[in-house]
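Residue numbering restarts at 1 for every chain, and letters A, B, ... go by the order of the sequence lines. Hydrogens, waters and symmetry mates are skipped; everything else that's a heavy atom, side chains included, is used.
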Protein chains: 2
Amino acid sequence: MNRTAPREDRRQLLLEEAARLFDAHGYDRTSVRQLADAVGLQSGSLFHHFDSKESILLAVLEHTIELMIERLAAAAAAPGDSRQRLEALIRAELELLHGATRHGVAVAFFQWRSLSTQSQQQILKLRERYETIWLEALELAHRDGLIVTDPFLTRRLLTGAHGWTIYWYRPDGSLDLDRLAEEVGRLLTRQ
Amino acid sequence: MNRTAPREDRRQLLLEEAARLFDAHGYDRTSVRQLADAVGLQSGSLFHHFDSKESILLAVLEHTIELMIERLAAAAAAPGDSRQRLEALIRAELELLHGATRHGVAVAFFQWRSLSTQSQQQILKLRERYETIWLEALELAHRDGLIVTDPFLTRRLLTGAHGWTIYWYRPDGSLDLDRLAEEVGRLLTRQ
DNA sequence: CAGTCTACCAAGCGCTTGCTTGGTTGGCAA
DNA sequence: TTGCCAACCAAGCAAGCGCTTGGTAGACTG
C-alpha cells in the first residue's frame with residue numbers, strides 16, 4: 001500500500017500509536033494485531049520494525065523518557081529563584097502528563113511493570129536522569145527553607161500525586177493546568 | 001486430596017492467594033493455572049468456586065475494599081480533634097497499604113483497570129463509601145483552617161501519593177510507618 | 001533498465017489462555 | 001448402609017497469542 005513513508009516516520013507513527021493503545025488498554029491487553037490494525041499493517045509486518053512486542057514497549061518508554069528529560073531540563077534552566085524553579089518543574093510534569101505527550105508519559109508511569117527485569121533496569125537508569133533534575137531543584141528549595149520535608153521523600157510523594165492525576169484530572173475541565181500546578185506548589189511549600 | 005477445608009475457608013484462601021499473585025505479577029500476567037498451582041488445585045477446579053477469572057479479581061476487590069472501609073471507619077471514629085482524625089486516617093491508609101492487607105490493597109489501587117466497565121462501576125460504588133470517610137475528615141480539617149487546599153483536590157493528590165508508596169516504601173526500612181504518616185500529615189497541613 | 005533491497009502481505013505454526021466436560025471420591029445425612 | 005452431593009481431577013477444546021516463513025511489489029541504484 002502506502003510505502004511512501006520514510007523509515008523513521010513509520011517508526012515514529014508506530015510508537016505513537018503503540019503509546020496510545022498501551023495507555024488506553026494497558027500493554028498486556030493490547031495485542032500486536034490491534035496495533036498492526038491501528039497503523040494499517042498486517043500483524044507480522046510489525047516485526048520488520050521491532051524484534052518483539054516488548055521491544056515496542058521499551059522503545060516507547062525510551063523515547064518518552066528522553067522527551068521528559070528534555071522538557072524538564074528546559075523548565076529547570078529557565079531563570080528564577082528556587083520557588084519559581086520548583087513551580088516550573090511542577091507545571092512541566094503536569095504538562096507532560098496532560099499535553100500531547102500524555103499517552104507515552106502515562107505508559108511510562110504505569111506500564112513499566114510489564115517489562116522484563118533487565119529492561120526495567122535499563123529504563124530505571126534513564127529515569128534517574130529525570131529524577132536528578134527534580135532532586136536538585138528540591139534540594140535547592142530545601143536549603144532555601146521553602147520546603148521542610150526531605151527532598152527524596154517529597155519527590156516520591158509528588159511522583160505518585162502527579163501520576164495519579166491521569167485517572168481524574170482533565171485539563172479542559174473547571175480547573176486549568178496552571179491552577180492545578182499552583183495548588184500543588186502551595187501544598188509542597190511553606191504556607 | 002485435602003477436602004477437609006470448609007467452603008468459606010477455601011474461598012478465603014483462594015482470594016488471599018489471588019491477591020498475592022495479582023499484586024506480584026499483575027492480573028493480566030497471572031494465569032488461572034498459576035493460581036490453581038498456588039492453592040494446590042487443578043486449573044479447572046477453580047471454576048467450581050468462581051464463574052470466571054474476572055470474578056476472582058472482582059471478589060478480591062470487593063473483599064479488600066470492605067476491609068478498607070472497616071479500618072478507615074474505625075480510625076475516623078477514634079476520639080480527637082480534626083488534626084488527630086486526619087493523622088489517624090493517613091496512618092490507617094498507610095497501614096492498609098503496607099500491613100498484612102497490602103496485597104489486596106495494592107490490587108485495589110492498581111489493577112482495577114483490568115475489570116470490565118460494569119465491574120469497574122460496581123467497585124467504584126463501593127469505593128465511594130471509602131472516599132466519603134476521607135472527604136468528611138478533610139472538610140472538617142478545612143473548616144478548622146488546618147488545610148488550605150480544596151478537600152477534593154487534596155484527597156486526589158493524597159490518593160496518588162499514598163498508592164505510589166507501594167513502589168518505593170518498605171516499613172522495615174529506616175523510615176517507619178508512623179514517621180512516614182507524620183511527614184505526610186505535615187505536608188498536608190499548615191506548617 | 002537490470003538488479004537490489006526495503007517494506008510489506010498471506011498464511012500459518014506452536015503455544016498458552018480461560019474455561020468446559022465427564023467422571024470419581026470421600027464425608028455426611030437419613 | 002445406602003444414597004447423595006460438594007469438591008475435586010484428568011483431559012482437552014476453541015480461541016487468541018506472539019512470532020516466523022516465503023514470497024512479492026515497487027522505489028532506488030549503478
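Rounded to whole angstrom, the span from the CG atom of A:Leu35 across to the P atom of D:dG18 amounts to 10 Å. Taking atom CG on B:Leu14 and atom P on D:dC8, their separation rounds to 9 Å, with Å as the unit. Residue B:Arg11 contributes atom CZ, which lies 15 Å from atom C1' of D:dA7 at whole-angstrom precision.
OP1 or OP2 of D:dA7 lies within a sub-4.0 Å distance of a side-chain N or O belonging to B:His48. Between B:Arg10 and D:dC8, a side-chain N or O to OP1/OP2 separation shorter than 4.0 Å is present. For B:His49 and D:dC8, the shortest distance from a side-chain N or O to OP1 or OP2 is below 4.0 Å. Dashed line: the shortest gap from a side-chain N or O of B:Gln42 to OP1 or OP2 of D:dA10 is under 4.0 Å.
Between A:Lys125 and A:Glu128 there is no salt bridge, since no side-chain N of the basic residue sits under 4.0 Å from a carboxylate O of the acidic one.
Judged by distance alone, the side chains of B:Arg83 and B:Thr189 do bring a donor and an acceptor atom under 3.5 Å apart.
Among the atoms of the strands shown, none is found under 4.0 Å from any heavy atom of B:Leu46.
Side-chain atoms of B:Glu139 do not come within 3.5 Å of backbone N or O of B:Glu136 as any donor-acceptor pair.
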Assess whether side-chain hydrogen bond (donor to acceptor under 3.5 Å, both in side chains) is satisfied between A:Ser114 and B:Arg29, documenting all intermediate values.
CA-CA 8 Å; A:Ser114 294; B:Arg29 287 182 301 285; 2.8 Å; yes
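For the pair A:Lys53 and A:Tyr27, the cation-pi test (distance below 6.0 Å, angle within 45°) is passed. A cation-pi arrangement is present between B:Arg127 and B:Phe109, with the terminal nitrogen or guanidinium carbon under 6.0 Å from the aromatic centre and inside a 45° cone about the axis.
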Check nucleotides 15-19 of chain C against the protein and report each pair of N or O atoms closer than 3.5 Å, with its distance, or say if there are none.
| unit_1 | atom_1 | unit_2 | atom_2 | d |
| --- | --- | --- | --- | --- |
| C:dG18 | OP1 | B:Thr30 | O | 3.4 |
| C:dG18 | OP1 | B:Lys53 | NZ | 2.8 |
| C:dG18 | OP2 | B:Val32 | N | 3.0 |
| C:dG18 | N7 | B:Arg33 | NH2 | 2.8 |
| C:dG18 | O6 | B:Arg33 | NH2 | 2.9 |
| C:dC19 | OP2 | B:Lys53 | N | 2.5 |
| C:dC19 | N4 | B:Ser43 | OG | 3.2 |

